[in-house]
S.K.: 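Take this structure first; my questions come after.
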2 protein chains.
Amino acid sequence: MTESRSTTRKSFRREGEDKRREDLIAATLECVAERGLAGATVREIALRADVTAGLIRYYFPAKDDLIGAAYRAVMNRMTVQASDALKSAADDPRDRLNAFVKANLGQPIMDPNNLSLWAGFIGMVHADPAMALAHRDGYLGFRDELEALIREALLAAGKPAEPIHTRRHAIAVNAIIDGLWLEGCLAGDIFAEGELAETGIAAIEAVLAISLNPEKGGAI
Amino acid sequence: MTESRSTTRKSFRREGEDKRREDLIAATLECVAERGLAGATVREIALRADVTAGLIRYYFPAKDDLIGAAYRAVMNRMTVQASDALKSAADDPRDRLNAFVKANLGQPIMDPNNLSLWAGFIGMVHADPAMALAHRDGYLGFRDELEALIREALLAAGKPAEPIHTRRHAIAVNAIIDGLWLEGCLAGDIFAEGELAETGIAAIEAVLAISLNPEKGGAI
DNA sequence: GCTCTAATTATGCAAGCGTATAAATACACA
DNA sequence: TGTGTATTTATACGCTTGCATAATTAGAGC
């Protein structure tokens with residue numbers, strides 16, 4: 001008896017919802033990192049995740065939902081990586097700020113893939129209110145964390161730490177970190193190992209007028 | 001006698017090649033600013049420029065050629081705007097650096113449209129060697145200009161200005177400018193008028209350990 | 001083992017994309 | 001005025017895109 005109408009369907013295993021979402025987000029981030037946002041088509045993502053486009057739609061009703069989730073995931077990942085550096089830092093607040101800065105200006109945070117992801121999303125902030133909101137939340141969260149680290153470092157160095165000054169310092173230090181991160185991601189090959197982290201620490205020490213190495217004493 | 005096969009073709013005027021290219025680039029930049037890179041389709045650009053897609057192809061054989069030209073145009077525009085600020089600055093090098101920084105951290109350079117344009121292009125650096133090259137050239141050009149301004153300002157303040165130090169300062173000052181520019185473009189509504197320019201000047205004064213107001217004297 | 005249903009595959013749709021090409025015409029020149 | 005051609009419009013092509021939908025089946029529960 002001849003086999004009629006070959007309708008062989010690929011065998012599959014079911015996965016839990018969380019795992020599926022995570023895998024789809026990971027596949028999305030890979031696609032964006034390699035080919036930019038435009039290259040992250042539903043088909044490419046599906047191929048990368050070894051599923052079909054229909055499954056993507058099942059978990060993320062519109063492509064924008066997946067893109068938004070991917071952005072939040074990459075921002076969250078960088079935040080966690082920087083926070084992890086705090087966990088293994090010495091107890092002195094200056095060491096902690098030092099470790100935080102160095103984490104943000106070293107691998108795996110300062111990485112061209114992260115830059116591609118970040119820029120792809122950031123480029124949509126002007127046109128997409130949801131992206132604008134996500135970015136604003138992230139920015140303020142990061143800056144608040146930074147301001148707290150700065151306040152503690154100033155106090156540990158015996159310097160005044162009024163909110164009006166720590167706010168301004170946080171804005172400036174955030175700029176130094178972001179700006180050097182950009183330089184490192186975009187032109188990392190022309191800098192020596194650790195050069196940008198050192199440059200960042202030196203600039204921040206100058207701005208705060210303290211040393212971020214407690215053994216050296218309080219203020220510069 | 002009835003009119004047969006209405007083939008009325010829109011009347012047109014010819015333009016010179018340079019004007020055409022400029023107009024197409026301008027239309028492209030408008031589209032990118034409003035809708036991100038993905039929104040700048042050939043049809044949308046043609047509509048914006050009041051021409052047809054065929055004409056775009058006549059002047060730019062591939063869409064990538066137009067996108068690349070648009071990127072170079074926006075970078076060049078920002079560079080010219082910053083340089084213009086130098087022309088009207090006082091002669092003292094500290095005034096000149098001060099004016100350069102303020103120009104980069106104020107309108108029209110620090111503008112959400114510029115951010116959208118920049119991010120859209122930057123997001124492709126990792127995936128597109130031509131974009132990577134264009135960016136590298138722009139970065140080194142900007143940094144060299146900044147380094148020269150810094151060197152002169154240091155000398156005017158009676159401070160040493162060896163290349164190893166001015167290079168490092170240029171990297172840091174570039175970061176401060178870029179970082180604050182990002183903050184201003186992405187969250188400009190939460191900062192007071194001129195606040196980021198002031199923050200930038202203060203941070204750079206701290207990093208260089210000089211004042212950028214010559215009447216205040218040489219060093220801090 | 002059987003039933004049910006949520007998860008998954010496979011396929012298709014309509015719209016849009018960059019690019020290709022032919023025809024028309026503005027305009028420079030003789 | 002007539003001619004030639006570079007520029008421009010109009011249209012079409014083949015492919016890709018996000019989304020839609022029907023059919024199938026893994027696996028939980030009884």
Side-chain angles (χ1 to χ4, degrees), chain A residues 3-25 27-28 31-32 34-70 120 124 127-128 130-131, chain B residues 3-25 27-28 31-32 34-70 120 124 127-128 130-131:
Chain A
E3 188 168 285
S4 68
R5 295 298 306 276
S6 172
T7 56
T8 316
R9 188 166 147 136
K10 176 181 164 191
S11 70
F12 62 87
R13 296 170 47 94
R14 297 186 180 199
E15 288 282 6
E17 180 172 334
D18 288 349
K19 176 78 164 51
R20 281 292 189 204
R21 284 176 184 274
E22 282 169 25
D23 287 349
L24 290 178
I25 288 169
T28 303
C31 291
V32 172
E34 283 179 22
R35 299 146 164 266
L37 214 43
T41 61
V42 172
R43 284 168 175 82
E44 187 60 42
I45 295 166
L47 193 71
R48 188 68 62 117
D50 195 30
V51 297
T52 62
L55 183 140
I56 292 178
R57 180 171 178 74
Y58 183 80
Y59 290 97
F60 295 96
K63 186 184 174 183
D64 277 353
D65 299 334
L66 177 54
I67 296 296
M124 301 198 304
D128 184 338
M131 298 289 325
Chain B
E3 187 169 285
S4 67
R5 292 297 306 277
S6 173
T7 55
T8 315
R9 188 165 147 136
K10 178 183 165 191
S11 70
F12 61 87
R13 295 169 48 94
R14 297 186 178 198
E15 288 281 7
E17 181 172 333
D18 288 349
K19 177 76 161 56
R20 281 292 189 204
R21 285 176 184 273
E22 282 169 27
D23 288 348
L24 290 178
I25 288 168
T28 302
C31 291
V32 173
E34 281 181 25
R35 300 146 166 263
L37 214 42
T41 63
V42 172
R43 285 168 176 79
E44 187 59 43
I45 294 165
L47 193 70
R48 189 69 62 116
D50 195 28
V51 296
T52 61
L55 183 139
I56 292 178
R57 181 171 177 73
Y58 183 81
Y59 290 98
F60 295 96
K63 186 184 174 183
D64 278 352
D65 299 335
L66 177 54
I67 296 296
M124 302 198 306
D128 183 339
M131 297 289 326

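Fair warning: this is a prediction, and the values are worked out from it, not measured in the lab. Order of the sequence lines sets the chain letters (A, B, ...), proteins ahead of strands, with each chain counted from 1.
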S.K.: To the nearest Å, give me how far apart CD1 (Ile56(A)) and P (dG18(D)) are.
M.R.: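 That distance rounds to 9 Å.
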S.K.: Among the nucleotides dA10(D), dA10(C), dC19(D), which one has an atom lying closest to any side-chain atom of Ala53(A)?
M.R.: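 Out of dA10(D), dA10(C), dC19(D), the nucleotide with an atom closest to Ala53(A)'s side chain is dC19(D).
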S.K.: Once you round it to whole Å, what is the distance between P of dG27(D) and CD of Glu17(A)?
M.R.: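 Rounded to whole Å, this separation is 17 Å.
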S.K.: Can you check the Arg9(A) CZ to dT24(D) C1' distance for me, whole Å?
M.R.: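 Atom CZ in Arg9(A) sits about 4 Å away from atom C1' in dT24(D).
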S.K.: Answer with base, sugar-phosphate or nothing: what part of the nucleic acid does Glu15(A) contact at a heavy-atom distance below 4.0 Å?
M.R.: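 Sugar-phosphate only.
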S.K.: Out of dT25(C), dC19(D), dT9(C), which has the shortest distance to the side chain of Phe12(B)?
M.R.: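 When the side chain of Phe12(B) is considered, dT25(C) is the closest of dT25(C), dC19(D), dT9(C).
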S.K.: Ignoring the backbone of Tyr59(A), work out which of dG18(C), dT9(D), dT8(C) is nearest its side chain.
M.R.: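 Of dG18(C), dT9(D), dT8(C), dT8(C) is nearest to the side chain of Tyr59(A).
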S.K.: NZ of Lys10(A) versus C1' of dT11(C): gap in Å, rounded?
M.R.: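 Whole-Å distance recorded here is 15 Å.
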S.K.: Do Leu66(B) and Val42(B) touch side chain to side chain, with heavy atoms closer than 4.5 Å?
M.R.: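 Sidechains of Val42(B) and Leu66(B): no contact.
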S.K.: Kindly write out the residues that satisfy side chain to side chain donor-acceptor pair (under 3.5 Å) with Asp65(B), not counting sequence neighbours, or none if the list is empty.
M.R.: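 Side chain to side chain donor-acceptor pair (under 3.5 Å) check on Asp65(B) returns nothing, list empty.
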S.K.: Which whole-number value in Å describes the distance from Arg20(A) CZ to dG27(D) C1'?
M.R.: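 Roughly 14 Å, once rounded to whole Å.
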S.K.: Using the test side chain to side chain contact (heavy atoms under 4.5 Å, CB included), find all partners of Lys10(B) that sit at least two apart in sequence or belong to another chain.
M.R.: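 In terms of side chain to side chain contact (heavy atoms under 4.5 Å, CB included), with neighbours along the sequence ignored, Lys10(B) is linked to Asp50(B).
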S.K.: When the distance from CG of Leu55(B) to P of dA6(D) is rounded to whole Å, what number comes out?
M.R.: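 Rounding to the nearest Å, CG of Leu55(B) and P of dA6(D) are 16 Å apart.
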S.K.: More 5' along DNA chain C: Gly54(A) or Ser11(B), using each one's nearest nucleotide?
M.R.: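 That would be Gly54(A).
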S.K.: Rounded to the nearest Å, what distance is computed from the NZ atom of residue Lys19(B) to the P atom of nucleotide dT8(D)?
M.R.: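 After rounding, the gap between these two atoms is 11 Å.
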S.K.: Record whether the side chain of Arg13(A) comes under 3.5 Å of the base of dA26(D) through a donor-acceptor pair of N or O atoms.
M.R.: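 Check fails, no donor-acceptor contact within cut-off.
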S.K.: So, using side chain to side chain donor-acceptor pair (under 3.5 Å) as the criterion, who are the partners of Arg21(A) when residues are at least two apart?
M.R.: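 Partners of Arg21(A) under the side chain to side chain donor-acceptor pair (under 3.5 Å) test: Glu17(A).
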S.K.: Give the rounded distance in Å between these two atoms: CG of Asp50(A) and C1' of dT9(C).
M.R.: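 To the nearest whole Å, that distance equals 12 Å.
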S.K.: With sequence neighbours excluded, what pairs up with Asp64(B) under the side chain to side chain donor-acceptor pair (under 3.5 Å) test?
M.R.: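 Partners of Asp64(B) under the side chain to side chain donor-acceptor pair (under 3.5 Å) test: none.
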S.K.: Indicate, yes or no, whether a donor-acceptor pair under 3.5 Å links the base of dT25(C) to the side chain of Arg14(B).
M.R.: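 Under the 3.5 Å cut-off, the side chain and the base do form a donor-acceptor pair.
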S.K.: Contacts to DNA chain C from residues 36-48 of chain B, heavy-atom cutoff under 4.0 Å, which residues?
M.R.: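 Listed by number, they are Thr41(B), Val42(B), Arg43(B).
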S.K.: Strictly by side-chain hydrogen bond (donor to acceptor under 3.5 Å, both in side chains), give each pair with a member in residues 34-43 of chain B just once, sequence neighbours left out.
M.R.: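 The answer is Glu34(B)-Arg48(B).
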S.K.: If I compare all heavy atoms of Ile45(B) with all of Ala40(B), which pair ends up nearest, and what's the gap?
M.R.: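 So the two residues come closest at CD1-O, 3.6 Å.
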